[in-house]
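Worksheet for the structure shown next.
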Amino acid sequence: MRRLKLGVMISGNGSNLQTLIDACENPDYPAEITIVVSNRPDAFGLERAESAGLPAIMVDHKTFDNRTDFEDTVHNILKDHGVQLVCLAGFMRLLGTDFVNRWKDRMINIHPSLLPSYKGLNTYVRALEDGVRFAGCTIHYVRPEMDNGPIIMQAAVPIAQDDTPETLATRIQGYEHKIYPEAVRYIATGAVRVSGNKVIFGDPTMIPSKGLISPKPSNLS
Ligand code: GAR
């Protein structure tokens, strides 16, 4: 089986990186990680990569005079490692238009909200302040505008009345860890294609037909 070559870009803890590492350890999983790139020297994800025996490179953006030089360096590292799909996994630096376009439809991101709601930072706090019933997470192809691009997969997470930003974050991250390896699997197996600003699944039965209601209506079980 040919496995899709992943380059995973991180800035911090790397729990999503870990789920990809774990998925790729299964020989039947259709992808493998060929390089991990961090823009921060203190990213714990670098230790996760090392523990897994994966090549990892730290490219500290602060040591570059400008964004173009930083992104050219990252681009060359990804190319040198044969990367076919870039997975942004808690990579907390905006990427320039040139870099994004060079990886168009070959770079995905995970974001802790139901996009297009709550782009940017502090998504849990903002969702709680607004009193919305559902929060969640999204995997999407990356476009130059921040937290924008064709959506591959989302998980909707009901907000509990006693949720704090921390409890909500923990629950949503649990779903992030479920959907990231699945989204990569869909891409690697050719189950999805991009059409305009949408992602189309070849098999429409993969899309569930039932909705989720919160709070539970009294006349439904
Ligand atoms: C994740 O919750 C991810 O959704 C978020 O950063 C966290 C990284 O966690 N990404 C963004 O906010 C991007 N806009 P991790 O380092 O443990 O995977």
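Ligands are counted one by one from 1 in listed order, and the atoms in each one are counted from 1 as well.
Counting only distance, with no hydrogens or angles, the side chain of Asp130 and the backbone of Val132 share no donor-acceptor pair below 3.5 Å. Listed for the Asp163 side chain is a donor-acceptor partner under 3.5 Å among the backbone atoms of Ala160. A distance-only check finds a donor-acceptor pair linking the side chain of Arg171 to the backbone of Pro158 [under 3.5 Å]. Not one N or O on the side chain of Thr97 forms a donor-acceptor pair closer than 3.5 Å with the backbone of Pro144. Checking side-chain atoms of Glu71 against main-chain N and O of Gly96 turns up a donor-acceptor pair under 3.5 Å.
Geometrically, ligand 1 and Phe91 share no nitrogen or oxygen pair separated by less than 3.5 Å. Between His111 and ligand 1, at least one pair of N/O atoms sits closer than 3.5 Å.
Given atom 8 (C) of ligand 1, the protein heavy atom at minimum distance is Gly90 CA, 3.5 Å. Of the protein's heavy atoms, Pro112 CD, 3.3 Å lies nearest to atom 12 (O) of ligand 1. Atom 9 (O) of ligand 1 has as its closest protein heavy atom Asn16 ND2, 4.0 Å. Among protein heavy atoms, the minimum distance from atom 16 (O) of ligand 1 is reached at Gly14 N, 2.7 Å. Among protein heavy atoms, the minimum distance from atom 10 (N) of ligand 1 is reached at Ile110 O, 3.5 Å.
When each atom of ligand 1 is checked for a heavy atom of Met92 under 4.0 Å away, the hits are 10 (N), 11 (C), 12 (O), 13 (C).
Taking each of Gln18, Glu176, Met146 in turn, the one with a heavy atom nearest to atom 2 (O) of ligand 1 proves to be Glu176.
Taking the six-membered ring where the residue is Trp, Phe91 and Phe70 present parallel rings, their angle staying beneath 30° rather than reaching 60°.
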